[in-house]
Amino acid sequence: MYFSTTAATFALFSLFTVSLAQTFTSCNPMNSTTCPADTALGVANYTIDFTQSMMTDTVWNATAGSVTYGDDGADFTINVRGDAPTVQTNFYIFFGQVEVWLKTAKGQGIVSSIVLESDDLDEVDWEWIGGNDSYVQTNYFGKGNTTSFDRAAWYPVDDPQGGFHNYTVDWTAEKLEWFIDGQSIRVLNYSDANGGKNFPQTPCNVRLGIWAGGDPANANGTIEWAGGETNYNDSPYTMTVKKVRVTDASRGTEYVYGDETGSYTSIKVLNDTTPIKLDGEDSTSAAKTIKQKWNGLPQTTKYIIIGVVGGVLLIVASVFAFCCIRQRRAGKHERLIEDAKYEKNAAEVLAYRADMTKMRFDKSKGPSVHVSPIIGNGGAAFQNYGQTQPMMGGMRSPAPQYGHGHNVNPFGGARGYQKF
Ligand SMILES: *[C@@H]1O[C@H](CO)[C@@H](O)[C@H](O)[C@H]1NC(C)=O
Ligand SMILES: *[C@@H]1O[C@H](CO)[C@@H](O)[C@H](O)[C@H]1NC(C)=O
Ligand SMILES: *[C@@H]1O[C@H](CO)[C@@H](O)[C@H](O)[C@H]1NC(C)=O
Ligand SMILES: *[C@@H]1O[C@H](CO)[C@@H](O)[C@H](O)[C@H]1NC(C)=O
Ligand SMILES: *[C@@H]1O[C@H](CO)[C@@H](O)[C@H](O)[C@H]1NC(C)=O
Ligand SMILES: *[C@@H]1O[C@H](CO)[C@@H](O)[C@H](O)[C@H]1NC(C)=O
Ligand SMILES: *[C@@H]1O[C@H](CO)[C@@H](O)[C@H](O)[C@H]1NC(C)=O
Ligand SMILES: *[C@@H]1O[C@H](CO)[C@@H](O)[C@H](O)[C@H]1NC(C)=O
Ligand SMILES: *[C@@H]1O[C@H](CO)[C@@H](O)[C@H](O)[C@H]1NC(C)=O
């Protein structure tokens with residue numbers, strides 16, 4: 001298991017660098033020239049809005065747990081101990097921008113994170129601690145070198161758990177720059193990262209995830225860094241990602257390490273393979289539930305739809321009312337006729353009675369007459385054919401995964417970039 005490199009800077013790294021080395025022997029391009037190529041993003045600009053689209057397996061790999069979709073986007077939720085939903089892109093970028101709109105998770109010891117990670121362990125981080133609703137930690141690593149304590153830096157953010165913010169990293173060969181809502185908060189120049197040696201400079205994929213740094217089984221340093229032990233009784237803890245935009249400055253279709261230096265100058269940009277098939281706005285989006293589609297619609301579109309549906313209902317209602325009134329009118333008319341008939345009948349009856357009375361008088365007997373007046377049709381009764389149940393499916397989470405309660409830095413644990 002490999003912890004967040006940040007966490008690893010604390011107590012545990014002697015133990016974990018050992019397992020890390022063992023874990024990554026097979027295809028760290030620093031040690032091997034036969035690692036498979038990294039699939040590149042292939043387009044200059046990839047955007048996915050999780051209120052409208054879901055991740056597809058082609059583009060995103062859920063390396064731990066599963067993501068669900070709610071009103072605000074993709075939810076990464078810790079329900080029970082061992083949960084640590086995490087995804088990473090199957091594509092890599094070789095410099096570029098990564099913009100993520102997210103709302104971080106509350107909860108002591110809960111870590112929300114955005115990570116750029118390369119095959120030789122260059123890393124760029126955003127990390128939020130659930131017990132701290134006013135700061136974000138930025139960090140970086142070169143070649144998995146965790147021997148320094150001066151890389152992490154905290155910056156204020158206004159209520160990251162309460163609202164969405166635009167967290168963007170702009171990454172070139174010269175510098176790394178972190179932005180919050182368009183404000184530059186940190187610049188790392190190449191030369192300032194140990195003369196470039198610790199500067200992230202190899203193709204990275206993008207990872208989003210939540211994990212319990214405060215899990216009681218974690219090392220003390222990790223728990224301390226995460227702000228204390230996690231109390232699972234207060235779950236769920238949810239990080240919500242609304243939107244991701246990634247640009248790839250190199251625009252290749254594959255990136256290959258040309259040697260074992262891990263230097264950006266050694267990376268070969270190939271452009272001869274088919275680019276990855278993207279999801280999201282730039283291509284066919286994955287199927288979504290009606291509810292998600294509805295939620296994803298712009299407000300004005302919703303108003304238009306409400307207006308149109310409302311208008312149709314109004315027309316239906318008007319037609320109905322018109323028919324009904326007509327029928328009533330017709331009914332009234334009929335009734336008048338019937339009343340007239342009745343009156344006529346009654347008159348006739350009276351006359352008849354008079355005759356009968358006269359006859360009874362004459363013959364001492366008479367009939368009993370019952371007249372049923374015909375009541376006019378008061379209008380067709382409105383038939384309500386069942387409920388108008390809106391088809392709002394709502395795709396809810398599958399059963400939470402019960403798992404290993406032990407350490408869980410999915411970014412490390414899964415390390416999907418290993419290519420054996
Ligand atoms: C891979 O290379 C790095 C850097 O040269 C080194 O620190 C690490 O021990 C190597 N890992 C293995 C398994 O050889
Ligand atoms: C990226 O693409 C999105 C959607 O296709 C578009 O709205 C946005 O303007 C583009 N951004 C850049 C920098 O090209
Ligand atoms: C949040 O983190 C910042 C930076 O480490 C620290 O100054 C602040 O006191 C923390 N706030 C809370 C509530 O822990
Ligand atoms: C790791 O980083 C430290 C601090 O920046 C540096 O002194 C050391 O030389 C680095 N190690 C390697 C192998 O680059
Ligand atoms: C997010 O911030 C980045 C960096 O400042 C900026 O380029 C981008 O346009 C912002 N996104 C939106 C949607 O405003
Ligand atoms: C980074 O380099 C630029 C010039 O390339 C310089 O103006 C800037 O001050 C440097 N930033 C830091 C934090 O040293
Ligand atoms: C962690 O801290 C607890 C209490 O402070 C202590 O009992 C335990 O031995 C520590 N564990 C490690 C691995 O340092
Ligand atoms: C790769 O090919 C695409 C499409 O022809 C082009 O837009 C892009 O600039 C090329 N990339 C490189 C690195 O040459
Ligand atoms: C997704 O990640 C898992 C675990 O890291 C890995 O075994 C699998 O090969 C990955 N799938 C793809 C398509 O990369």
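When reading the values below, keep in mind they use all heavy atoms of this one structure, side chains included, and skip hydrogens, waters and symmetry mates. Atoms within a ligand are numbered from 1 in the order they appear, just like the ligands themselves. Fair warning: this is a prediction, and the values are worked out from it, not measured in the lab. Residue numbers start at 1 and run along the sequence shown.
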S.K.: If you look at every heavy atom in G262 and D120, which pair is closest and at what distance?
M.R.: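 Looking at all heavy atoms of both residues, the closest pair is CA-OD2, 3.4 Å.
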S.K.: Can a side-chain donor-acceptor contact be found between T253 and T273 if the only test is distance below 3.5 angstrom?
M.R.: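 Yes.
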S.K.: Does any N or O of ligand 5 fall below 3.5 Å from an N or O anywhere on D181, backbone included?
M.R.: no
S.K.: What does the 4.0 Å heavy-atom contact list look like for ligand 8?
M.R.: S250, R251, V269, N271
S.K.: Just checking F95 against W171, ring centres under 6.0 Å apart?
M.R.: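 Ring centres of W171 and F95 closer than 6.0 Å.
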S.K.: Is there a side-chain contact between E127 and Y135 in this structure, where contact means two heavy atoms from C-beta onward sitting under 4.5 Å apart?
M.R.: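 No. Closest side-chain heavy atoms not under 4.5 Å.
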S.K.: Would you mind listing which atoms of ligand 5 come within a distance below 4.0 Å of any non-hydrogen atom of E99?
M.R.: 1 (C), 8 (C), 10 (C), 11 (N), 12 (C), 13 (C)
S.K.: With atoms numbered from 1 as shown, which atoms in ligand 5 lie under 4.0 angstrom from a non-hydrogen atom of N166?
M.R.: 1 (C), 2 (O), 3 (C), 8 (C), 10 (C), 11 (N), 12 (C), 14 (O)
S.K.: We want to know whether D259 and T261 form a side-chain donor-acceptor pair, criterion being a heavy-atom distance below 3.5 angstrom.
M.R.: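 Side chains of D259 and T261: pair found under 3.5 Å.
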S.K.: Any idea how Y46 and W60 line up, ring-wise: parallel (<30°), tilted (30 to 60°), or perpendicular (>60°)?
M.R.: tilted
S.K.: Write down the atom of Y140, the atom of D192, and the distance for their closest heavy-atom approach.
M.R.: OH-O, 4.3 Å
S.K.: Check each atom of ligand 6 against the heavy atoms of D192 and keep those under 4.0 Å away; list them by number with element.
M.R.: 12 (C), 14 (O)
S.K.: Please state which part of W101 comes within less than 4.0 Å of ligand 5, counting heavy atoms only: side chain, backbone, both or neither.
M.R.: side chain
S.K.: Looking at D49 and K242, is any side-chain nitrogen of the basic one under 4.0 Å from a carboxylate oxygen of the acidic one?
M.R.: no
S.K.: Less than 4.0 Å between a side-chain N and a carboxylate O, is that true for K106 and D133?
M.R.: no
S.K.: Under 4.0 Å from a heavy atom of N189: which atoms of ligand 6 are those, numbered in the order shown and with their elements?
M.R.: 1 (C), 2 (O), 3 (C), 8 (C), 10 (C), 11 (N), 12 (C), 14 (O)
S.K.: Looking at F179, which atoms of ligand 5 are within less than 4.0 Å of one of its heavy atoms?
M.R.: 4 (C), 5 (O)
S.K.: Please state whether the rings of Y190 and Y264 are parallel, tilted or perpendicular, taking 30° and 60° as the class boundaries.
M.R.: perpendicular
S.K.: Looking only at N/O atoms, are Q183 and ligand 5 under 3.5 Å apart anywhere?
M.R.: no
